[in-house]
Chemist: 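This structure is in structure tokens; I'll ask about it shortly.
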Amino acid sequence: MQIRFYAYDFDYKIKDGQTYIYLYGKLENNHKICVIQQYNPYFYAKVEDVDKEELEKRLPKLEVEAKEPAKVIKWQEIDKELLGKKQKFWKIEVNYPKAVPLVSKELESWGLECYEKDILYVHRYLRDKAITPMTLLEADGELTNDKHMRVAVFQADEIKQFSKDNFNKPKILAIDIETYAKNKIIDPKKNPILMVALYGLDEQGKEYRKVITWKRFSNKLNYLEFVSDEVEMLKKLREIILDYQPDIITGYFSDGFDLPYIKTRANKHKIKLDFGNDYSDLDSGSGNSLREGRSRIKGILHVDIFKFIRNVFGKDLRTDSYSLDSVSEELLNQKKDDVKISELANTWDNHPEKLDQYCKYNLQDAYLTLKLCTKLLPDMNEFAKITGLPLFDLIRMGFSRLVENYILKRALEYQVIAPNKPKKFEIEQRNEDTYQGGFVYEPTPGMYKDIVILDFKSLYPTIITSHNIGPESLNCSCCKETSSVPDHNEYWFCTKEKKFIPQVLEQLILRRTDVKRLIEEERSKGNDTKILEARSYAIKTLANSFYGYLGFFGARWYCLECARSTTAYARNYIKSTIKKAKNKKFEVVYGDTDSLFLLLGEKHLTEVKEFMNEINFDLPGHMELEYEGHYPQGIFVAIKGKEKGAKKKYALIDENDKLKITGFETVRRNWSKIAKELQKEVLQLVLEDKTEEAIEYLRETVKDLKSGKIDPEKLIIKTQITKDLSSYSSIGPHVAVALRMLEQNIPVSAGTVVEYIIAKGSGLVRERAKLPSEIKDNNYDSDYYLNHQILPAVAEIFAVLGYSEEELVGESKQTGLGNFL
DNA sequence: CGAGCCCGGGG
DNA sequence: GTGTACGGGCTCG
């Protein structure tokens with residue numbers, strides 16, 4: 001029989017000594033299914049200059065000792081291209097995935113070169129079969145009566161792509177927990193989960209809302225359900241998930257927090273969380289370290305939407321912070337509930353009647369997470385289509401790995417074999433390789449009006465394709481002397497034949513052009529272009545990452561010369577464009593790699609456009625200079641203590657009074673609240689031409705600071721203890737405070753976030769670092785806060801306005817403040 | 001100045 | 001799971 005289904009989660013199992021791929025998904029009628037198919041893992045061995053007869057004899061007898069002996073099943077000779085050279089390889093199939101590293105290692109000890117021995121089995125299968133996750137597939141085979149699965153199992157003889165139709169109506173369940181965290185100590189072994197919020201969206205668009213908690217209080221929340229204790233709450237959670245049967249479970253930082261936390265609590269209470277479609281447990285790695293795990297439920301796609309935003313999507317957001325609050329504000333125009341989460345533990349213990357605000361807050365977080373997931377699903381789907389990777393994996397990857405997987409997919413069509421990943425010593429060598437990056441035009445510190453930004457559209461990708469830059473075309477014998485790279489006469493790239501890397505990149509660029517044309521078409525017909533826009537975005541992002549990939553030490557297709565040449569060409573283009581702009585009497589205030597900032601001055605915008613046209617006329621290939629935008633005002637600051645303008649550090653205000661801040665680093669928790677608030681406010685005021693108010697604001701802040709009026713809460717600096725206290729060789733302020741906490745019988749362990757305030761006195765910072773509770777009569781060190789928090793946050797901004805650091809600081813070291821203040 | 005350590009997201 | 005991020009800033013020594 002034949003079925004069609006969308007596959008969204010992948011796994012493999014060994015059955016009767018054979019390897020099967022497991023594709024979990026959904027039929028078009030919304031029934032869940034698991035489709036399995038036998039497929040052998042394999043790798044390649046190079047057989048040039050190898051005694052093949054001898055090898056023929058040895059391979060069948062080979063058996064590497066392991067729990068399950070690793071064996072070779074069959075082999076086949078095949079012509080492949082390795083870094084531009086056609087060579088003979090044997091494709092060697094083995095009995096199970098983990099046999100690949102075992103057998104290949106053995107063969108390497110015989111002196112053979114082995115390739116593609118670390119390609120994940122699932123990825124290999126998907127690429128070989130040209131099966132795209134999240135799209136409609138067709139399978140021929142039979143249903144089996146597998147009783148070990150929660151869903152129907154279909155054994156396929158053949159699976160193929162049916163269409164590229166998206167799986168766009170998945171059933172999604174967002175999950176968010178609130179935990180008991182007194183003094184900000186997050187410890188899943190000790191502290192219980194207090195409430196769990198679930199926000200679902202089914203295939204018909206119907207929503208589901210639920211908050212479960214285990215302390216009763218009177219309320220009017222219709223989604224709230226009480227249970228007797230944490231154990232019952234976890235059991236209820238299990239029940240709901242099994243009953244709801246979502247395709248996707250999503251959370252915000254749920255890889256690093258919610259799911260491992262739930263897992264740890266469940267383990268403690270000996271509760272099974274067998275959500276998996278094969279009855280397997282929620283897998284949160286070892287479960288102990290919350291930091292960088294990944295949580296998996298077999299057959300349900302776990303999307304930690306934070307990961308996708310941090311790794312991929314966030315790079316194009318204005319916000320510097322990837323907190324749920326800032327990301328939601330920017331993408332959804334909605335915020336988290338404004339609730340003091342630090343008071344939850346206290347409210348739980350002493351004022352349960354006030355818990356309803358936390359339940360609302362909890363549900364709102366789940367709601368925002370769900371919204372982010374549905375909003376970004378088209379984008380994630382498009383990345384899945386281009387790279388062919390399972391969604392689970394791709395959202396957890398950085399750009400380099402995404403690029404590499406895209407290249408690996410294309411490599412199959414070109415009969416190209418992947419070079420091996422570098423080994424440790426090779427990585428070390430590569431890490432020592434350096435090359436010059438983009439050209440940054442040093443700004444003159446100052447405030448500027450009417451800034452126009454122009455930038456080269458996809459500069460690096462268009463340089464790579466226009467100049468055929470790649471490891472296979474580097475210094476070819478056929479093109480010596482014909483053209484060489486600017487600043488690097490020792491490099492040239494083939495001009496006769498497009499090679500693999502620039503070719504697959506060019507395919508991306510051409511595809512994007514197609515997609516963009518399609519967007520215009522659909523738009524003119526009044527159709528929705530969301531998916532096409534997501535596709536265009538994914539292609540652009542991937543294309544832009546090729547250059548970085550070529551210079552990335554972990555890359556299979558690493559090519560230092562290529563990376564060097566790409567930036568060398570880029571510097572050449574931007575410099576000559578700046579020069580031409582100056583010739584046209586434009587004032588250039590800044591430029592970075594692919595952009596130039598012009599002052600409009602007395603000129604009209606049409607003159608800018610004319611200038612762009614002239615530039616574009618001379619550019620090769622797909623290269624193009626574009627208009628990015630107009631900003632009424634911007635500020636460029638100087639390098640600390642110098643006259644020179646700092647590169648990559650400026651703030652602009654757009655026509656809607658929205659700040660675009662680059663390079664100002666104050667979102668971290670080891671900056672005090674007072675410094676963070678001050679910096680943002682000062683930037684905003686200054687760029688709105690309210691310098692007087694900005695100075696006034698600073699003056700007030702400093703005055704309050706000096707007179708001890710600042711709420712010590714705003715002076716708290718937070719630093720985490722990350723290991724056993726005795727193993728610190730360098731005693732920083734946070735370690736010193738932690739040691740004193742121990743003396744006071746306050747528990748401190750790895751994971752504790754130490755809060756401290758710097759108090760008056762002398763000596764090292766750590767000798768004056770006090771617990772907030774040790775601060776009496778606001779005896780904080782206002783000089784420290786002035787010199788290490790307040791001034792560093794705003795000095796460079798005021799310096800631009802003519803108030804140099806010396807003026808600002810003045811005699812502050814003795815008297816606290818200069819005359820100016 | 002280099003080495004060592006911590007930042008992010010989450011309560 | 002055919003595994004284990006990354007790049008940058010601050011303080012101490």
Side-chain angles (χ1 to χ4, degrees), chain A residues 11-12 19 41-43 70 94 96-105 114 116-124 176-188 191-195 251-261 283 285-286 289-294 296 304-307 309-311 314 320-327 339-345 348 358 361-362 365 369 393 396-401 421 552-554 663 665-671 717-723 727-736 753-754 764-766 769 788 792:
Chain A
D11 190 25
Y12 72 86
T19 316
Y42 64 90
F43 64 96
V94 296
Y96 63 101
K98 284 177 184 165
V100 171
L102 298 173
V103 172
S104 62
K105 209 167 171 192
C114 296
E116 303 197 4
K117 59 210 172 177
D118 52 0
I119 306 284
L120 265 61
Y121 174 78
V122 167
H123 295 182
R124 165 79 82 197
D176 183 59
I177 62 170
E178 305 302 329
T179 69
Y180 189 91
K182 211 158 205 173
N183 303 321
K184 323 219 158 169
I185 294 169
I186 292 179
D187 185 348
N191 297 323
I193 300 169
L194 303 181
M195 49 187 79
Y252 202 84
F253 199 48
S254 40
D255 260 349
F257 183 70
D258 301 79
L259 293 186
Y261 206 114
D283 175 12
S286 49
S289 129
L290 291 188
R291 279 202 101 60
E292 193 54 41
R294 41 177 54 186
R296 176 160 233 157
D304 181 346
I305 196 65
F306 159 74
K307 287 265 169 86
I309 290 167
R310 182 193 62 183
N311 290 337
D320 251 359
S321 157
Y322 297 141
S323 67
L324 179 58
D325 196 40
S326 346
V327 170
V339 163
K340 263 202 155 180
I341 194 65
S342 53
E343 280 301 304
L344 171 58
W348 179 268
Y358 290 102
Y361 167 91
N362 193 190
D365 277 7
T369 305
D393 298 313
R396 290 168 174 81
M397 288 180 183
F399 287 117
S400 290
R401 288 178 64 201
K421 280 193 195 158
F552 168 57
F553 60 80
E665 280 275 358
T666 52
V667 288
R668 294 158 169 245
R669 71 170 165 216
N670 53 354
W671 277 79
I717 300 167
K718 304 170 197 180
T719 314
Q720 192 176 47
I721 297 295
T722 56
K723 54 186 183 181
S727 52
Y728 276 95
S729 53
S730 162
I731 310 293
H734 64 301
V735 182
V753 176
V754 173
L764 289 169
V765 177
R766 68 162 175 244
H788 292 90

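Computed from heavy atoms alone, side chains included, the values below leave out hydrogens, waters and symmetry copies. Chain A is the first sequence line, chain B the second, and so forth, proteins listed ahead of strands; every chain is numbered from 1.
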Chemist: Using salt bridge (charged side-chain N to carboxylate O under 4.0 Å, His left out) as the criterion, list what pairs up with A/R766, not counting sequence neighbours.
Modeler: none

Chemist: Residues two or more places apart in sequence or in another chain: which of them pass salt bridge (charged side-chain N to carboxylate O under 4.0 Å, His left out) with A/K98?
Modeler: none

Chemist: To the nearest Å, give me how far apart CD1 (A/I717) and C1' (B/dC7) are.
Modeler: 14 Å

Chemist: Nearest-Å distance, CG (A/D325) to C1' (B/dG10)?
Modeler: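 In whole Å, B/dG10 C1' lies 13 Å from A/D325 CG.
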
Chemist: Mind calculating the distance between CG (A/L120) and P (C/dT2) to the nearest angstrom?
Modeler: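 From A/L120 CG to C/dT2 P: 6 Å.
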
Chemist: For DNA chain C, list all stems, counting runs of three or more consecutive pairs where every pair is Watson-Crick or G-U wobble with both distances under 3.5 Å.
Modeler: B:1-8 with C:6-13

Chemist: Touch check for A/V735, heavy atoms < 4.0 angstrom, all strands: base, sugar-phosphate only, or nothing?
Modeler: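 Contact class for A/V735: none.
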
Chemist: Please give, in whole Å, the distance from C/dG3 C1' to A/R396 CZ?
Modeler: 14 Å

Chemist: Regarding A/D393, tell me which of base, sugar-phosphate or nothing describes its non-hydrogen contacts under 4.0 Å with the strands shown.
Modeler: nothing

Chemist: Provide the distance between the two P atoms, one in C/dT2 and one in C/dG7, to the nearest whole Å.
Modeler: 26 Å

Chemist: Are the charged groups of A/R296 and A/D11 less than 4.0 angstrom apart, N to O?
Modeler: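 So A/R296 does not pair with A/D11 through a salt bridge.
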
Chemist: In whole angstrom, give the distance that lies between atom NZ of A/K718 and atom P of C/dC10.
Modeler: 18 Å

Chemist: Nearest-Å distance, OH (A/Y261) to C1' (B/dG9)?
Modeler: 16 Å

Chemist: Please give the distance between the C1' atoms of C/dA5 and B/dC6 as a whole number of Å.
Modeler: 15 Å

Chemist: Figure out the CZ/P separation between A/F306 and B/dC7, and round it to whole Å.
Modeler: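 Whole-Å distance recorded here is 14 Å.
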
Chemist: Among all residues two or more places apart in sequence or in another chain, which pass the salt bridge (charged side-chain N to carboxylate O under 4.0 Å, His left out) test with A/R401?
Modeler: none

Chemist: Could you pull out the closest heavy-atom pair between A/P192 and A/Y261, with the gap in Å?
Modeler: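 Distance-wise, the nearest heavy atoms are O-OH, 4.2 Å.
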
Chemist: Please name all residues satisfying salt bridge (charged side-chain N to carboxylate O under 4.0 Å, His left out) with A/D365, sequence neighbours left out, ordered by chain then number.
Modeler: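 Expected list: A/K336.
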
Chemist: When the P atoms of B/dG11 and C/dT4 are considered, how many whole Å apart are they?
Modeler: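 About 29 Å, rounded to a whole number of Å.
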
Chemist: Can you find a side chain N or O atom of A/H734 that sits less than 4.0 Å from OP1 or OP2 on B/dC6?
Modeler: yes

Chemist: Between B/dC7 and A/T719, is there an OP1 or OP2 to side-chain N/O distance shorter than 4.0 Å?
Modeler: no

Chemist: What's the CZ-P distance between A/F257 and B/dG8, to the nearest Å?
Modeler: 14 Å

Chemist: Would you say a side-chain N or O of A/R296 is under 4.0 Å from OP1 or OP2 of C/dG3?
Modeler: no

Chemist: Which is true for A/D304 with a 4.0 Å heavy-atom rule: it touches a base, it touches only sugar-phosphate, or it touches nothing?
Modeler: nothing

Chemist: Using a heavy-atom cut-off of 4.0 Å across all strands, would you classify A/F399 as base, sugar-phosphate, or nothing?
Modeler: nothing

Chemist: Return the set of residues passing ring pair (Phe, Tyr, Trp, His ring centres under 6.0 Å) with A/H788 (not counting sequence neighbours), or none when no residue passes.
Modeler: A/Y784

